[in-house]
A.B. asks: 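My questions all concern the structure below.
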Amino acid sequence: MNLESLKAGGKRALAEAIAALESRPDDPEVQGLLEEAWDAQTGIAIGLTGPPGVGKSTLANALVKAFRGRGKTIAVAAVDPSSRASRGAILGDRARIDADPADTGIFVRSFAARDRLGGLADLAAPATVLFRALYDVVLIETVGVGQSETEIADIADLVVFCAQPASGDALQFMKAGVMEIPDLAVVTKSDMGAAARRAAADLKGALALAVRDGAPPKVMTCSANTGEGLPELTDALLTAAGSQTGPRLIARRRAQGQAWIDQSLKARFGREGYAAAGSETLLRPGETPFARERTAASVIRQRG
Ligand SMILES: Nc1nc2c(ncn2[C@@H]2O[C@H](COP(=O)(O)OP(=O)(O)OP(=O)(O)O)[C@@H](O)[C@H]2O)c(=O)[nH]1
Ligand SMILES: [Mg+2]
């Protein structure tokens, strides 16, 4: 199992690789694949976040078509809370991406979130690494605002906050300081007219002081239903993705790798075990987080 065999084997091979990642993450073959993928991540991961019902899944579906229309290959990871997943929300989400099964340029996978981590599935981070090595764009849909929103920043290269008209959610979250600054904010359901424009103005006001990289995040409006604003959003996302290069991207990926190491070790060995590893947990230059995690884990076992 390596990138070459995954490329040759198509969606079925990738589905099997993810199943292996889930069932035997420590298998040397799986670890080897992840290490290879880490150094071959040419794609960009975009996280869609926002309160339940704002239209993330519908937007993801529309974006899949928009990106495909621009010749980009795309993988979608939908993360569902496990409580809802057991009621079939996973299938619901999956069905909403009405991708042509014969199109090898689209891959869709749902992940059940583990409660322990609040919003994102344990698997989402390594799966994203694998997806970025195989597809141009990776879309990650998550649920909620707050913890899962912070977690998405740990695995995605760009975070898009979705708000809907007349909800006031966004403002509340911002005022409460619950929200991390997104790279871009989108008011969905712009077919609702004036309410959408008002929400966009409110959001712009709230984000005006949230300057990062020299400017506040762009606020856009779109309707996945009518298609209004979608080409502009697609352009903005591709531009933002294009600007994630060089030292900036290296730093972000490094932070993602470190976040994954920390999270994984804490999940496996608890806070005390993690603390016992000391500086062994720190990702070294030129090293993959997967190799570092293995090294730190063996140190914890020795010291523990
Ligand atoms: N008017 C309008 N309704 C929309 C639009 N996009 C989504 N909706 C509706 O909004 C509701 C929620 O859409 P979803 O895409 O499931 O929202 P979500 O954010 O994925 O929801 P969760 O996954 O439950 O958090 C559905 O009833 C959609 O039909 C839009 O562009 N315009
Ligand atoms: Mg959804």
Side-chain angles (χ1 to χ4, degrees), residues 45-67 69 74-99 106-115 117-121 124 127-128 138-152 155-156 158-173 178-179 182 184-200 203 219-234 236-237:
I46 301 170
L48 291 181
T49 155
V54 291
K56 297 179 295 295
S57 297
T58 316
L59 181 60
N61 195 24
L63 284 174
V64 164
K65 294 199 176 76
F67 282 123
I74 183 161
V76 183
V79 182
D80 286 304
S82 32
S83 53
R84 277 199 325 159
S86 60
R87 301 208 314 258
I90 281 185
L91 284 176
D93 266 337
R94 211 181 248 164
R96 216 168 278 155
I97 307 285
D98 48 358
I106 305 178
F107 184 84
V108 181
R109 174 67 148 86
S110 292
F111 296 92
R114 311 282 149 82
D115 292 335
L117 293 177
L120 282 190
T128 297
V138 183
L139 263 189
I140 305 160
E141 181 199 341
T142 185
V143 167
V145 162
Q147 200 183 356
S148 65
E149 208 259 343
T150 313
E151 283 169 5
I152 193 83
I155 67 174
L158 293 171
V159 175
V160 177
F161 176 72
C162 304
Q164 64 180 337
S167 67
D169 286 339
L171 288 180
Q172 262 177 343
F173 292 127
V178 180
M179 259 184 60
L184 203 140
V186 180
V187 175
T188 55
K189 312 184 188 181
S190 66
D191 49 277
M192 289 169 74
R197 287 190 294 276
R198 211 157 41 235
L203 205 47
V219 177
M220 307 188 73
T221 56
C222 77
S223 166
N225 280 6
T226 66
E228 179 193 23
L230 268 177
E232 291 83 357
L233 177 61
T234 309
L237 289 173

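Quick caveat: nothing in here was measured; it's all calculated off a predicted structure. Ligands are counted one by one from 1 in listed order, and the atoms in each one are counted from 1 as well.
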A.B. asks: Check each of I140, V159, V54, V160 against T49 using the side chain to side chain contact (heavy atoms under 4.5 Å, CB included) test, and report the only one that passes.
C.D. replies: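 It is V159; the other options fail the test.
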A.B. asks: Name whichever N, O or S atom of E141 ends up nearest to the Mg ion (ligand 2).
C.D. replies: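 Looking at E141, the N, O or S atom with the least distance to the Mg ion (ligand 2) is OE2.
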A.B. asks: Looking at every heavy atom in both C162 and L48, which two are closest together, and how far apart are they?
C.D. replies: SG-CD2, 4.3 Å
A.B. asks: Among T58, I46, L139, find the one that has a side chain to side chain contact (heavy atoms under 4.5 Å, CB included) with L63.
C.D. replies: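 With L63 as partner, side chain to side chain contact (heavy atoms under 4.5 Å, CB included) holds for just one option, L139.
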A.B. asks: For the Mg ion (ligand 2), decide whether S57 has an N, O or S atom at a distance under 2.8 Å.
C.D. replies: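 Yes, since at least one N, O or S atom of S57 sits under 2.8 Å from the Mg ion (ligand 2).
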A.B. asks: For the residue pair R109 and F111, would you count it as a cation-pi contact if the rule is NZ or CZ under 6.0 angstrom from the ring centre and within 45 degrees of the ring axis?
C.D. replies: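 Yes, R109 lies over the aromatic ring of F111.
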A.B. asks: Under 3.5 Å, is there a donor-acceptor pair between the S190 and E228 side chains?
C.D. replies: yes
A.B. asks: Between ligand 1 and Q164, can you find any atom pair, the residue atom being a heavy atom, that is separated by under 4.0 Å?
C.D. replies: no
A.B. asks: Taking only heavy atoms of T58, which atoms of ligand 1 are found under 4.0 Å from at least one of them?
C.D. replies: 6 (N), 7 (C), 13 (O), 14 (P), 15 (O)
A.B. asks: Under 3.5 Å, side chain of K189 to main-chain N/O of C222, donor-acceptor pair present?
C.D. replies: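 Absent.
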A.B. asks: Looking at S223, which atoms of ligand 1 are within less than 4.0 Å of one of its heavy atoms?
C.D. replies: 31 (O)
A.B. asks: So which atom in Q164 and which in G53 form the shortest heavy-atom distance, rounded to 0.1 Å?
C.D. replies: OE1-O, 3.6 Å
A.B. asks: Nearest heavy atom to atom 31 (O) of ligand 1 wins, so pick from A224, P52, G229.
C.D. replies: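 The residue whose heavy atom sits nearest atom 31 (O) of ligand 1 is A224.
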A.B. asks: Could you say whether the N/O atoms of C222 and ligand 1 ever approach to under 3.5 Å?
C.D. replies: no
A.B. asks: State if V54 counts as touching ligand 1 under the rule of any non-hydrogen atom under 4.0 Å.
C.D. replies: yes
A.B. asks: Does any N/O atom on M192 come nearer than 3.5 Å to any N/O atom on ligand 1?
C.D. replies: no
A.B. asks: Which residue from L48, L230, D191 reaches closest to atom 32 (N) of ligand 1 through any of its heavy atoms?
C.D. replies: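 Among L48, L230, D191, the closest heavy atom to atom 32 (N) of ligand 1 comes from D191.
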